[in-house]
Amino acid sequence: MSHRLYQEFQGLAGKPVEITCHGGEVHRGVVDHCDRTHVYIRPILDDGPGGPPARGTFLWGGFGGSFAGGFLGGLFGVALGSIAFYRPYGPFFY
C-alpha cells in the first residue's frame, strides 16, 4: 500500500490535501514532496470549524501570505504507512 501511496502523492505536489491517519490524526496542507517513507506537507491552519485557512499560511493572503507561510509554516512529514485515507482539501480544488 505504501508504494501505491508513494506513486499517488508524487502526482499531488503543490496540491492541498487532508490526510487522516489510522490513529485518527488529521493533517491539512499542501503536498511539498514525497519520498519512499513519508509525504511532506506545508500545513494549512484553520480559523476554526468551517472557517477558511488563517491569513499568513501557505495559501492565503496573496504574495505576503505565500512568502511567510513558506518559511514560517515549515514542512511536516507524515509516514505513508500511517495514512488511512486522504482527499482534496478545502476550497482549493484542482
Side-chain angles (χ1 to χ4, degrees):
M1 178 153 142
S2 292
H3 181 68
R4 179 184 60 83
L5 286 174
Y6 168 74
Q7 291 177 327
E8 290 177 15
F9 278 110
Q10 287 288 313
L12 292 174
K15 309 266 196 289
V17 295
E18 179 179 88
I19 298 171
T20 302
C21 296
H22 292 290
E25 303 90 6
V26 177
H27 308 286
R28 294 174 187 95
V30 177
V31 176
D32 186 75
H33 67 281
C34 182
D35 62 26
R36 298 275 180 192
T37 60
H38 291 80
V39 59
Y40 297 91
I41 62 174
R42 295 191 185 279
I44 297 174
L45 305 176
D46 288 334
D47 279 344
R55 294 184 82 59
T57 58
F58 187 72
L59 285 175
W60 203 260
F63 177 76
S66 297
F67 184 79
F71 290 98
L72 299 177
L75 290 179
F76 182 77
V78 179
L80 292 178
S82 71
I83 297 174
F85 61 91
Y86 68 93
R87 66 186 181 119
Y89 176 68
F92 312 105
F93 297 106
Y94 40 99

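Values in this document were obtained by computation on a predicted structure and should not be read as measured data. Basis for what follows: all heavy atoms, side chains included, without hydrogens, waters or symmetry-related copies.
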- Should Ile19 and Arg28 be marked as a side chain to side chain contact (heavy atoms under 4.5 Å, CB included) after you check the CA-CA gap, both sets of side-chain angles, and the distance that decides it? CA-CA 6 Å; Ile19 298 171; Arg28 294 174 187 95; over 6 Å; no

Exercise. Hey, mind stepping through Val78 and His38 against side chain to side chain contact (heavy atoms under 4.5 Å, CB included) and telling me if it holds?
Worked result: CA-CA 5 Å; Val78 179; His38 291 80; 5.8 Å; no

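In this structure, NZ in Lys15 is found 13.5 Å from CG in Asp32, a value given to the nearest 0.5 Å. The distance from atom CG of Leu5 to atom CG of Leu12, rounded to the nearest 0.5 Å, is 10.0 Å.
When every heavy atom of Pro43 is checked against every heavy atom of Phe76, the shortest pair comes out as CG-CB, 4.3 Å. Smallest separation of non-hydrogen atoms from Ile44 and Pro16: CD1-CB, 4.3 Å.
Between Tyr86 and Phe9, the ring planes lie tilted relative to each other; the angle falls in the 30° to 60° range.
Residues forming a salt bridge (charged side-chain N to carboxylate O under 4.0 Å, His left out) with Glu25 (at least two apart in sequence, or on another chain): none. Partners of Ala13 by side-chain contact (heavy atoms from CB on, under 4.5 Å), not counting sequence neighbours: none found. Listed by chain and number, the residues in a side-chain contact (heavy atoms from CB on, under 4.5 Å) with Gln10 are Tyr6, Cys34 (sequence neighbours excluded). For Thr20, the side-chain contact (heavy atoms from CB on, under 4.5 Å) criterion is met by Val26, Phe85, not counting sequence neighbours.
Between Cys21 and His27, the closest side-chain pair of non-hydrogen atoms falls below 4.5 Å. Leu80 places a side-chain heavy atom less than 4.5 Å from the side chain of Val39.
Counting only residues at least two apart or in different chains, salt bridge (Lys or Arg N to Asp or Glu O under 4.0 Å) contacts with residues 76-86 are absent.
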